[in-house]
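Letters A, B, ... mirror the listed sequences (proteins, then strands); counts begin at 1.
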Amino acid sequence: MVRVRFAPSPTGYLHVGGARTALFNWLYARRHGGTFVLRIEDTDAERSSWDMVAGIVDGLRWLGLDWDEGPDVGGPHAPYFQSQRLDRHRELAERLVRDGRAYYCYCTADEMQRKRADAEGRGETWTYDRTCERRSADEIAALEASGTPRAIRFRVPPGETPFTDLVHGPIAFDNANLEDFVILRSDRQPTYHLSVVADDIDMAITHVVRGDDHISNTPKQVLLYQAFGVTPPAFAHVPLILGPDKKRLSKRHGATSVMEYHRLGYLPEAMVNFLALLGWSPGNDRELFSRDELVAAFTLEGISGGNAVFNPEKLDWFNQQHIARLSSAALLARLETRLEDAGLWTDDLATTRVGWILSVLDLLKPRVKKLDQLLDELRPFLVDDPEIDPSAAQKYLSSGEVRSLLDTLASALETVEPFGEATIEATLRATAERAGVKAAALIHATRVAVTGRAVSAGLFQVLVLLGRECVVRRLRRILNYTPAA
RNA sequence: GUCCCCAUCGUCCAGAGGCCCAGGACGUGGCCCUUUCAAGGCCAAAACACGGGUUCGAAUCCCGUUGGGGACGCCA
């Protein structure tokens, strides 16, 4: 039974790196019919609340990554806030002391810091000198009597700590490079190493899938598992996501919160698809995947070992592909809030005019990379009479001859039957020919008159969807239109 | 400084000894389609970091160098 977890600290938002880690965990769980656990690592936090993790939860929900156990849904291993498991962590730390695997340390943090700084000054690396590991019983008694605060340090045994990493293969660390690390602070707060291991044991996690930056933490954790007499889970360390400058992705590289991408008009399925292929491959050249297809194809072995640079252009491409593939009905649902915000929504779009708007979306959706662009393309269809872009007018409406020809065209279109693509085109071309004007000139002028813009989808399709009445009205208004000087 | 990870086109990947004078995708350039802009189709430029081995044969295995990244906290 596969049990994986995503364990973010509540920073307020889900960044793309975390999102991909969550995605890989989720994919692995779903692929194997396992359990995906959401656990909040807030050991340091004053208090934990649903509010603090709202940003992360929003991101996960938007991406469609649902969890089987977690803070809100509960589960057999609750609570899922690490801060609510502190007593358990303390108990475990004391147990290690009793078992002789850990010891009390009375050294102060200031002292440590000073020694560390000294060593650094000499260009050396400082590791804890085990002062407290060697204290005599008398010394300890005196320290205790004086009420000196004590931390608990793990006693790192000599030897080597190997573990198998599902993406990197076998990795081994010489314990000599590990110091006796603190597992319980002098204020009785557990440290990260203790908390993760304790919780992962308690929650029966079978596979730890997390960022590459944890690989050097892993031997310490493996040592803890061994001290607890528990077989460590399998590890899979996924490479980091880098910015274009090859540095770890951060705010200065632009949007790093997944919800920011939502705001920018990206589809969650595009984000998921893009993130999945960033550092993972199905082993062939396939690139476009739905969420379900990813689940079916996903393997931890397919994760590559090297870091990956975040490529926004490729994200755009995925988004464009997924927009084009989405049914127009689904697309309309995604657009509703945006249309409302833009003041373009009317209820008949969901009722009497739904067939019409779906046809419009069919026409427009292959042309855009983002939802905002789609909204923009939609505007001429949803407002009464769109404003005319001055530069477009200057380009195609500057000739008085062409402007008056638009009126002629309006009259012709008033009676053409049926009001269809082929008949409209024939009418327009005939009108242009009779006037001795190039058809292209009239086409462009018509586009500007009707949509207000120099570019649009295929003009004749646009005219059909706009409808005769609207087209005639918009053409006629040009008679009274005065182009800017 | 110490330890660890990584190394194929600008970017993301394929390649698990001969199928590779290296394949796909994004991006870039060109052409086609065309009423515009996209989309789509076709074509092009573009990489196995370097040096040693192993082997009949290496992008693929081993070692070293270089380069990049990460970790070295009583942060997570």
Side-chain angles (χ1 to χ4, degrees), chain A residues 7-11 41-44 82 105 107-110 112-113 116 119-120 122-128 149-153 165 167-169 171-174 176-179 181-187 189-193 195-196 211-219 237 239-240 242 244 246-248 274 277-288 302 304-318 320 324 364-369 373 377 392 395-396 425 428-429 438-448 451 453-460:
Chain A
S9 35
T11 48
E41 310 241 303
D42 58 346
T43 42
D44 223 21
Q82 206 157 62
C105 177
C107 300
T108 67
D110 286 352
M112 300 288 93
Q113 228 161 43
R116 212 181 301 276
E120 257 172 55
R122 273 176 276 122
E124 288 164 19
T125 313
W126 156 267
T127 48
Y128 181 60
R150 63 188 192 191
I152 295 179
R153 281 184 189 270
D165 189 294
V167 350
H168 295 287
I171 301 175
F173 283 79
D174 187 338
N177 293 316
L178 271 29
E179 67 178 350
F181 54 96
V182 172
I183 56 176
L184 196 73
R185 301 186 180 97
S186 46
D187 63 0
Q189 288 292 314
T191 63
Y192 167 71
H193 292 299
S195 304
V196 245
D212 229 347
D213 48 340
H214 283 290
I215 154 155
S216 46
N217 290 328
T218 308
H237 287 100
L240 302 176
L242 272 26
K246 301 282 180 72
K247 301 286 183 204
R248 207 171 157 161
F274 170 69
L277 271 307
L278 203 58
W280 173 80
S281 149
N284 54 43
D285 287 335
R286 176 140 188 232
E287 303 224 76
L288 282 167
S304 53
N307 294 337
V309 173
F310 187 91
N311 182 189
E313 277 90 33
K314 188 131 188 188
L315 206 211
D316 284 352
W317 178 77
F318 274 113
Q320 173 218 309
L364 300 182
K365 70 184 179 187
R367 309 170 45 78
V368 300
K369 285 187 160 72
Q373 290 171 0
E377 293 263 347
K395 206 166 171 189
Y396 296 117
E425 179 165 3
L428 184 145
R429 287 186 187 280
K438 285 176 82 173
L442 185 56
I443 285 169
H444 287 130
T446 302
R447 172 178 292 112
V448 177
T451 68
R453 307 167 182 203
V455 303
S456 76
L459 180 67
F460 304 113

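Listed pair A:H237 / B:C5 fails the phosphate criterion, with no side-chain N or O lying under 4.0 Å from OP1 or OP2. Look at A:R150 and you won't find any side-chain N or O under 4.0 angstrom from OP1 or OP2 of B:C74. Residue A:R286 places none of its side-chain N or O atoms closer than 4.0 Å to OP1 or OP2 of B:G23. Within the 4.0 Å cut-off from OP1 or OP2 of B:U2, not a single side-chain nitrogen or oxygen of A:R116 is found.
Going from the P atom of B:U66 to that of B:C26 covers 38 Å, rounded to whole Å. Annotation: B:C61 and B:G18 have their C1' atoms spaced 15 Å apart (nearest Å).
Here the closest heavy-atom approach between residue A:V309 and residue A:P244 is recorded as CG1-CA, 3.8 Å. For the residue pair A:T451 and A:S456, the shortest heavy atom distance occurs at CG2-CB, 4.3 Å. Nearest heavy-atom pair across A:A439 and A:L428 is O-CD2, 4.1 Å.
With distances taken from any side-chain atom of A:L240 to the nucleotides B:G69, B:A76, B:C13, the minimum falls on B:G69. Listed nucleotides B:A39, B:C3, B:C37 differ in distance to A:V455; the shortest reach to its side chain belongs to B:C37. In this structure, the nucleotide among B:G24, B:C5, B:A76 sitting nearest to the side chain of A:E41 is B:A76. Relative to the side chain of A:D285, the nucleotides B:A76, B:A14, B:A25 differ in distance, and B:A14 lies closest.
Residue contacts for A:N217: at a heavy-atom cut-off of 4.0 Å it reaches a base atom on one of the strands shown. Contacts of A:L277 with the nucleic acid, taken as non-hydrogen atoms under 4.0 Å apart, involve only primed sugar atoms and P, OP1 or OP2. Across all strands shown, A:F173 has heavy atoms under 4.0 Å from sugar-phosphate atoms exclusively, and none from any base. Looking at heavy-atom distances under 4.0 Å, A:G279 makes contact with sugar-phosphate atoms alone, never a base. Among the heavy atoms of the strands lying under 4.0 Å from A:S304 are primed sugar atoms or P, OP1, OP2 only; no base atom is included. Base contact: A:A457 has a heavy atom under 4.0 Å from a base atom. Heavy atoms of A:H214 sit under 4.0 angstrom from at least one base atom. Within 4.0 Å of A:R453, counting heavy atoms only, lies no atom of the nucleic acid at all.
The shortest distance between side-chain heavy atoms of A:Y396 and A:T446 does not fall below 4.5 Å. Taking 4.5 Å as the limit, every side-chain heavy atom of A:K246 sits out of range of all side-chain heavy atoms of A:N307. Between A:H237 and A:I171 there is no side-chain heavy-atom pair separated by less than 4.5 Å. A:R429 places none of its side-chain heavy atoms less than 4.5 Å from the side chain of A:L442. Using a 4.5 Å heavy-atom threshold, the side chains of A:Y192 and A:P190 count as separate. The shortest distance between side-chain heavy atoms of A:V167 and A:S304 does not fall below 4.5 Å.
One can place CD of A:E179 at 16 Å from P of B:A71, the figure rounded to the nearest angstrom. In this structure, A:L315 places its CG atom 19 Å from P of B:A25, rounding to the nearest Å. The nearest whole Å value for the distance from the NZ atom in A:K395 to the P atom in B:U35 is 16 Å. Summarising the geometry, the separation between CG on A:D213 and C1' on B:G69 is reported as 11 Å, rounded to the nearest angstrom. Between A:D187 atom CG and B:C74 atom P the separation is 12 Å, expressed in whole Å. Rounded to whole Å, the distance from CZ on A:R367 to C1' on B:U35 is 12 Å.
Residues meeting the side-chain hydrogen bond (donor to acceptor under 3.5 Å, both in side chains) test with A:D174, sequence neighbours left out: none.
In this structure, B:A44 and B:U28 make a Watson-Crick or G-U wobble pair, each of the two defining distances being under 3.5 angstrom. Both distances falling under 3.5 Å, in either a Watson-Crick or a G-U wobble arrangement, place B:G23 opposite B:C13. The base-pairing partner of B:A7, taking Watson-Crick or G-U wobble contacts with both distances under 3.5 Å, is B:U66. Nucleotide B:U55 is matched to nothing when pairs are restricted to Watson-Crick or G-U wobble geometry with both distances under 3.5 angstrom. Checking B:U35 for Watson-Crick or G-U wobble geometry (two distances, each under 3.5 Å) identifies no partner in any strand. Base pairing analysis places B:G73 opposite nothing; no Watson-Crick or G-U wobble pair with both distances below 3.5 Å involves it.
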Using the 3.5 Å cut-off, write out each protein N or O paired with an N or O of nucleotides 27-34 of chain B and the distance between them.
none

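Residue A:S186 places a side-chain atom within donor-acceptor reach of the base of B:C74, judged by atom type and a 3.5 Å distance cut-off alone.
Each of A:L459 and A:A172 has a nearest nucleotide on RNA chain B; the 5'-most of these lies closest to A:A172. Between A:G283 and A:E425, the residue anchored nearer the 5' end of RNA chain B, judged by the nucleotide with its closest heavy atom, is A:G283.
Here CG of A:L240 is found 11.0 Å from CG of A:L278. Values are rounded to the nearest 0.5 Å.
Below 30°, between 30° and 60°, or above 60°: for A:F274 and A:F310 the angle between ring planes is above 60°, a perpendicular geometry.
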What does the B/S/- profile of nucleotides 60-68 of chain B look like, 5' to 3', with a 4.0 Å heavy-atom cutoff to protein? ---------
